[in-house]
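To start, the structure under review is shown below, and the notes come after it.
Residue indices begin at 1 and follow the sequence shown. As the structure lists them, so they are numbered: ligands from 1, and atoms in each ligand from 1.
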Amino acid sequence: MEAVRASAAWVASRSTHVKVDLSEIEKVVEKIQGNVPKVEWDFEGIHYFDNSPLTVQYLFVLDAMNFCFWPDKDLTYDHLASGLKLALEKDKAALDTDHLQNYTGPQLRQLLNWPRPLPIEEERVRLLHEVGMELERSFGGEAANLVKSAGNSAATLIELITRHFPGFRDHSLYKGHQVFLYKRAQIFVADLWGAFKGENYGEFHDINSITIFADYIVPAVLRELGILKYGSNLSCSIDSNSEIVPGSEEEVEIRACSVYAVEKMRELINKKFGKQLLSIDIDLWLWSCGVQNMALSHHRTLSIYY
Ligand SMILES: Nc1nc2c(c(CN[C@H]3C=C[C@H](O)[C@@H]3O)cn2[C@@H]2O[C@H](COP(=O)(O)O)[C@@H](O)[C@H]2O)c(=O)[nH]1
């Protein structure tokens, strides 16, 4: 994921609306003495897991729709994860490619047991169709085959996903430079690694190449910690829940600076305390803090990427 790391650093070095405060990173690292609290994958107990290829199918479909919950104030990621889990428990064929290619908006709502239209529902449906079609065309209908063809490399798997599934191409253009963030592709790798505990479909020799997943929760936590500093216009927009335009400088800076800041934090902890911490470990810690703090205001961008 060198492209993610390098382009995030490029943005951070030219950023005008968002600043990464390195001295605050040092303070946080000092305060926790390099001990990032360990958060278990599925600490919430909401994900499907049966140690089989069906779990891989579940995680891929989950991450194909793992974006933009906030427009419905009652909807969270938990509803998607547990809704798909229940659907699979009821019908093991619910995520087969012939079903994926044919779901309509109302059927998806019914599948997830959600009483009203989902945010950007037509995009969620389109992405399900895309996943169903391409899994069938190139991977015998199974996300497990996609994972197998990556040969235990996280970087190869991300490359395969972004090559075959346009909906995962989380890129932006910033000051004429292409920026790669790949939030949902990376989180899928991390979900495999977490669910299968680094074995079987979750074994990746280069898991340390993954960065954090630039969503809307982690930046809010980094801001609360004082690590991200926003300019006054951006601060006002976020605190008043105004929407931030997708692809705007502000939006790209928020996401890229979050990736960069956590890479710096990880480097510092590993160097100072002789650890081999992964960005995923820091991500899950920060994310779990963020979702438990209802008072945090986060940036609001209508996006299919996060
Ligand atoms: N950086 C980061 N972002 C994450 C996750 C996860 C879930 N990961 C699972 C993996 C292991 C755990 O057991 C978790 O359950 C979701 N998100 C993002 O959060 C947002 C949803 O927020 P809210 O509207 O409040 O539900 C949305 O952008 C969603 O894409 C993560 O881990 N890291």
Side chain, backbone, both or neither: which applies to [X] and ligand 1 if a contact is any heavy-atom pair less than 4.0 Å apart?
X	result
Trp41	both
Ile212	neither
Val39	neither
Glu44	side chain

Under 4.0 Å from a heavy atom of [X]: give me the atoms of ligand 1 that qualify, with their elements.
X	value
Asp191	10 (C)
Phe69	21 (C), 24 (O), 27 (C), 29 (C)
His47	13 (O), 15 (O)
Leu284	11 (C), 12 (C), 32 (O)
Val218	1 (N)

Under a single-linkage definition using a 4.5 Å side-chain heavy-atom cutoff for Ile, Leu, Val, Met, Phe, Trp and Tyr, are Phe273 and Val28 assigned to the same hydrophobic cluster?
->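 They do share one cluster, since a chain of ILVMFWY contacts under 4.5 Å joins Phe273 to Val28.
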In terms of hydrophobic clustering (I, L, V, M, F, W, Y; side-chain heavy atoms under 4.5 Å; direct or indirect links), are Leu88 and Phe49 co-clustered?
->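 In one cluster: yes.
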Given [options], which has its nearest heavy atom closest to [atom]?
atom	options	result
atom 23 (P) of ligand 1	Tyr306, Tyr216, Trp70	Tyr216
atom 22 (O) of ligand 1	Leu286, Ile217, Val221	Ile217
atom 29 (C) of ligand 1	Asn66, Val291, Asp72	Asn66
atom 19 (O) of ligand 1	Tyr77, Trp287, Trp193, Phe213	Trp287

Non-hydrogen side-chain atoms of Leu135 and Gln57 separated by less than 4.5 Å |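 Sidechains of Gln57 and Leu135: in contact.
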Taking the side chain as C-beta and beyond, is there a heavy-atom pair between Asp281 and Leu284 under 4.5 Å?
->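 SC-SC contact between Asp281 and Leu284 ruled out.
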How far is [atom] from its nearest protein heavy atom, and which residue and atom name does that atom have?
atom	result
atom 30 (O) of ligand 1	Lys183 NZ, 2.3 Å
atom 3 (N) of ligand 1	Asp215 OD2, 2.8 Å
atom 33 (N) of ligand 1	Asp283 OD1, 2.7 Å

Parallel, tilted or perpendicular: rings of Phe168 and Phe165 (30°, 60°) =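 Taking Phe168 first and then Phe165, their aromatic rings stand perpendicular (interplane angle over 60°).
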For the residue pair Trp287 and Phe43, does the interplanar ring angle fall in the parallel (under 30°), tilted (30 to 60°) or perpendicular (over 60°) class?
->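 If you compare the ring of Trp287 with that of Phe43, the planes turn out perpendicular.
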Do Glu253 and Arg14 sit within salt-bridge range, that is, some charged N less than 4.0 Å from a carboxylate O?
->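 A salt bridge is absent here (no side-chain N lies under 4.0 Å from a carboxylate O).
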Does the ring centre of [Y] sit less than 6.0 Å away from the ring centre of [X]?
X	Y	value
His171	Tyr305	no
Tyr77	His47	yes
Tyr306	Phe69	no

